[in-house]
Amino acid sequence: MNKMMSDKKVIALYILPSLLLLLTLVYIPIVMTGYYSFMKWDGIGRMEFIALDNYKELLKDKMFWKSVYHSFLLAVFSVISLAGYLAVSLVLSGKIKGAHLLRKIYLIPMLLSSVAIAQLWLRIYHPSNGMLNHFLLFLGIDDPPNWLADPSIALYSIFVPIIWQYAGFYILIYYAALKSIPASIMEAAIIDGANPWQLAYKIKLPLIAGVVKVTIVLAVVGSLKYFDLIYVMTGGGPNGASEVIASYMYQKAFRSFNFGYGSTVAFSLLLICVLVTWLIRKLTRSNEEIQY
Amino acid sequence: MLKKKAHSWLIGMMFVLALAVTGCSSSSSSNENGASPEDGKKVTLTFMHLWPAGSSKQHYMIVNDIIKEFEKENPNVTVKTEILENEQYKNKLKVLAASNELPDVGMTWAAGFLEPYVKGNLFAPLDDVLDGGLKDQFVSGTTEAYAVDNKTYALPLELNITPVYYNKEIFAKYHLEVPKTYEEFKHVVQTLVKNGVAPIALGNKDRWTGSMWYMYLADRIGGADTLKNAINGSGTFEDPGLIKAAEEVQNLVKMKAFIKGFNGLSNDEAKAEFTNEKAAMYLMGTWDLPQFTTNEDVPKEFRDKVGFFKFPVVEGGKGNVDSWVGGPGVGLFVAQNSKAKEEAKKFVRFFVEKWGEQSVTKAGVIPATKVNTANVDLPQMYIDVLNELNKASNITLFADVQMNPEAAQTHLNLIQSLFGEEVTPKDFAKQHQEVLSKTQ
């Protein structure tokens with residue numbers, strides 16, 4: 001087997017299939033999108049090269065910047081919610097009763113498909129028959145809000161299910177990281193007289209800092225390119241009040257049939273994601289590599 | 001040795017897998033199958049439609065019957081179908097168009113949808129099919145919706161108008177009459193609001209639903225041509241009639257005429273309010289007629305309660321009561337690069353004629369060809385609608401279909417803001433005018 005792995009041709013043969021797949025499904029389309037973004041194209045007829053006109057328009061496009069703002073807002077909320085997930089994981093990884101069951105309960109939303117979650121929350125938010133407004137009426141609030149129809153709260157109303165949806169995922173990651181901290185370190189700290197707060201803050205958190213960094217990148221990038229629930233629940237409406245970058249891209253390419261401009265939005269999204277990832281990595285870089 | 005064999009087998013399998021996955025995007029070419037149209041030779045027509053057996057069973061069965069009949073009369077032709085659901089159909093059509101691989105015969109929508117395909121020289125003109133009597137069979141004004149520069153590029157199969165459906169029982173309970181004028185209509189709304197019944201079910205998340213309300217008000221106040229002219233550029237959207245119509249929409253919103261949270265509800269959710277008898281009125285296309293007449297899945301007690309009325313006239317307005325918002329739905333096109341164009345045209349002609357005979361009785365679809373109500377056995381509501389159709393003075397095509405896609409999106413978003421009272425009627429008109437003159 002070792003002999004085989006030293007043969008460059010064999011290595012090439014083995015990586016070729018997945019390389020082909022990646023190229024055709026990911027990298028070539030990215031290059032194509034970049035190419036289309038310089039074109040005026042309705043998706044059907046002939047393309048016309050217009051150089052940077054799409055990008056110039058993008059810079060002036062108020063709706064685009066509004067969607068960028070909404071995406072970043074989602075990213076901020078997602079990162080804040082990470083703290084909550086971390087707290088839950090810290091509790092779960094301690095030896096409490098029913099931790100096993102609770103972990104499964106937290107994970108279930110992740111197993112549901114986005115569309116199912118959207119349908120569920122659409123029913124919760126329904127202005128007259130919804131669970132939430134029924135409850136508010138029961139509490140004596142006469143005119144409960146129209147959660148998804150009111151432009152001032154529609155976006156935040158969708159943030160709730162998005163954050164709920166990913167809770168299980170991040171809790172699982174943190175839980176696994178916390179569980180991999182060797183018991184000997186914890187025991188040593190306890191013998192030294194550390195209380196549970198100190199244990200969590202001084203021992204556990206620094207030890208899983210690497211994982212936390214990764215989840216921040218995941219949460220930020222995932223938020224920036226988020227699409228599913230927004231598309232199903234409001235379609236970006238009312239009048240763009242809940243539009244994010246990805247839904248705006250879809251709107252432009254597949255609703256307005258402006259593929260050139262849609263590609264420009266898509267490519268800008270990619271650039272934004274790369275830039276933000278790089279920034280986060282740079283800001284959180286540390287030289288210490290933790291080894292157990 | 002054995003190890004080596006297993007090793008190369010593994011690599012082989014991976015290649016097959018990679019090719020299978022990467023290759024499937026280009027394997028659905030339609031023209032490989034299209035034989036040359038020489039006489040007596042076998043010809044295969046590819047036909048793409050959007051009525052799957054699951055969700056549109058009756059449509060699907062009629063299509064199959066027509067194909068069988070056509071193949072029987074033309075033994076040298078085989079028709080191969082490909083069926084996709086609405087949204088997927090639209091996406092696939094686009095992809096096929098981009099690679100110039102459209103099916104020989106397929107379905108398209110009117111005006112704004114069709115235009116890019118015609119400009120890309122992908123659809124064949126069908127005027128020769130219309131010659132020789134077929135043209136007269138269509139309800140006037142329907143084929144025109146598929147015409148670009150005086151050439152017709154598709155033949156419509158469906159025609160829809162939009163009456164206001166209402167719940168007779170709720171109306172009777174509050175001693176309400178069917179409104180003939182807009183004042184009476186407002187009275188109906190006020191009475192219902194006073195009694196805690198939601199007057200109108202509207203799902204304005206989908207936006208085209210609200211657009212229909214605006215269009216009717218524009219038609220009744222400004223007259224049938226004002227909106228049309230504003231859209232095609234010969235008039236202006238800042239016409240006082242069109243601004244007045246926008247004001248009236250906001251008046252209705254202020255009166256709480258529409259169900260709570262309408263801007264966040266989809267059309268289906270709004271329809272549920274109407275069918276659950278929580279809302280009294282519902283403005284919708286005649287494509288929903290089966291649900292209010294023949295569909296056994298809807299309780300009979302409810303179906304018996306549903307009636308319809310024509311959108312009332314506005315006093316002092318220029319529109320008349322027999323002017324409708326509506327338009328043809330899907331139509332059949334023939335691909336310009338089809339290798340069997342003659343057979344394809346023959347098929348389209350055959351299909352349109354047979355469809356016209358069967359669609360309304362078997363599937364409840366009102367065809368774009370004229371229906372003689374004397375010899376068909378139909379629920380009364382259908383007969384009434386068909387008779388109204390024969391009396392119609394004008395049919396205004398849905399605004400978002402009339403406009404090009406870019407302007408249509410702006411229109412739909414503005415409709416949502418208008419209903420949400422986020423834009424003034426003046427700005428509503430101004431922004432329309434801007435986008436329409438920019439994209440003309």
Side-chain angles (χ1 to χ4, degrees), chain A residues 1 4 10 13-25 28 41-47 63 122-123 125-130 133 143-154 157-158 232-243 251-259 261, chain B residues 3-4 7-8 10-11 13-19 21-23 25 87 90-91 93-95 97-98 112-113 115-117 119-122 198 204-207 259-266 269 272-273 276 278 404-410 412-420 422-423:
Chain A
M1 208 58 183
M4 214 161 70
V10 175
L13 264 182
Y14 267 111
I15 62 167
L16 198 58
S18 52
L19 186 70
L20 267 179
L21 276 178
L22 264 180
L23 276 179
T24 44
L25 296 177
I28 292 175
W41 187 38
D42 61 9
I44 299 165
R46 192 163 293 146
M47 283 186 241
M63 199 54 232
L122 277 174
R123 272 157 191 69
Y125 281 143
H126 193 287
S128 50
N129 306 330
N133 278 2
D143 194 24
N146 301 317
W147 298 103
L148 297 172
D150 186 340
S152 57
I153 52 170
S157 303
I158 305 186
V232 183
M233 287 177 70
T234 61
N239 191 25
S242 58
E243 200 88 84
Q251 196 83 5
K252 280 291 163 193
F254 290 94
R255 289 279 174 264
S256 301
F257 293 138
N258 195 342
F259 269 76
Y261 196 68
Chain B
K3 221 174 177 180
K4 204 172 173 189
H7 174 63
S8 47
L10 194 65
I11 289 178
M13 281 313 287
M14 281 163 112
F15 264 101
V16 170
L17 187 73
L19 285 175
V21 176
T22 55
S25 60
E87 276 306 304
K90 282 181 185 164
N91 288 339
L93 202 65
K94 243 172 144 29
V95 173
F113 183 90
E115 224 178 85
Y117 291 89
K119 294 220 168 113
N121 199 23
L122 292 161
N204 208 27
K205 182 166 104 183
D206 296 335
R207 307 179 297 173
I259 50 171
K260 190 173 163 48
F262 55 84
N263 253 356
L265 295 177
S266 69
E269 286 170 307
E273 298 287 295
N276 291 333
K278 284 188 177 152
N404 66 57
E406 184 88 45
Q409 286 311 310
T410 311
L412 293 170
N413 281 338
L414 279 170
I415 283 288
Q416 228 173 18
S417 330
L418 180 72
F419 277 75
E422 288 173 73
V423 65

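Only a predicted model underlies this, so the values are computations on that prediction, with no experimental measurement involved. Convention: sequence-line order gives letters A, B, ...; per-chain numbering from 1.
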Residues at least two apart in sequence or cross-chain that pass ring-ring contact (aromatic ring centres under 6.0 Å, His included) with Phe257(A), listed by chain then number, are none
Sort [X] into side chain, backbone, both or neither according to what part of it lies under 4.5 angstrom from a heavy atom of chain B.
X         : value
Phe254(A) : side chain
Asp42(A)  : both
Asp150(A) : neither
Tyr261(A) : neither

Applying side chain to side chain contact (heavy atoms under 4.5 Å, CB included), can you list everything that pairs with Lys119(B), at least two apart in sequence or on another chain?
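Applying side chain to side chain contact (heavy atoms under 4.5 Å, CB included) to Lys119(B) gives Glu115(B).
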Query raised in the report: Going through the distances and angles, do Glu273(B) and Asn129(A) end up as a side chain to side chain donor-acceptor pair (under 3.5 Å)?
Result: CA-CA 10 Å; Glu273(B) 298 287 295; Asn129(A) 306 330; 3.0 Å; yes
At a heavy-atom separation under 4.5 Å, does [X] approach chain A through its side chain, its backbone, both, or neither?
X         : result
Lys278(B) : side chain
Leu412(B) : neither
Asn121(B) : neither
Leu265(B) : side chain

- Task: Return the option, out of Gly235(A), Pro151(A), Ser128(A), with the maximum number of heavy-atom pairs under 4.5 Å with chain B.
- Result: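 Counting heavy-atom pairs under 4.5 Å, the top option is Pro151(A).
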Taking every heavy-atom pair that is under 4.5 Å apart, which of Leu23(A), Asn258(A), Asn239(A) has the most such pairs with chain B?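 Most heavy-atom pairs within the cutoff with chain B belong to Asn239(A).
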Measuring from Met63(A):CE to Gln409(B):CD, what's the distance to the nearest 0.5 Å?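 Going from CE on Met63(A) over to CD on Gln409(B), the span is 12.0 Å.
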Glu243(A) side, atom CD; Asn413(B) side, atom CG - distance, nearest 0.5 Å =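 If we round to the nearest 0.5 Å, Glu243(A):CD and Asn413(B):CG are 7.5 Å apart.
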Residue from Ser417(B), Gly420(B), Pro405(B) scoring the most non-hydrogen pairs under 4.5 Å with chain A is Pro405(B)
Asn133(A) and Lys260(B): side chain to side chain donor-acceptor pair (under 3.5 Å), yes or no, with the steps? CA-CA 11 Å; Asn133(A) 278 2; Lys260(B) 190 173 163 48; over 6 Å; no
For Ala149(A) and Gly264(B) the tightest heavy-atom approach is CB-N, 3.2 Å
For a quick test of reading the model, state the closest non-hydrogen atom pair linking Lys205(B) to Met233(A) and the distance between them.
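Smallest interatomic distance, heavy atoms only, reads NZ-O, 2.9 Å.
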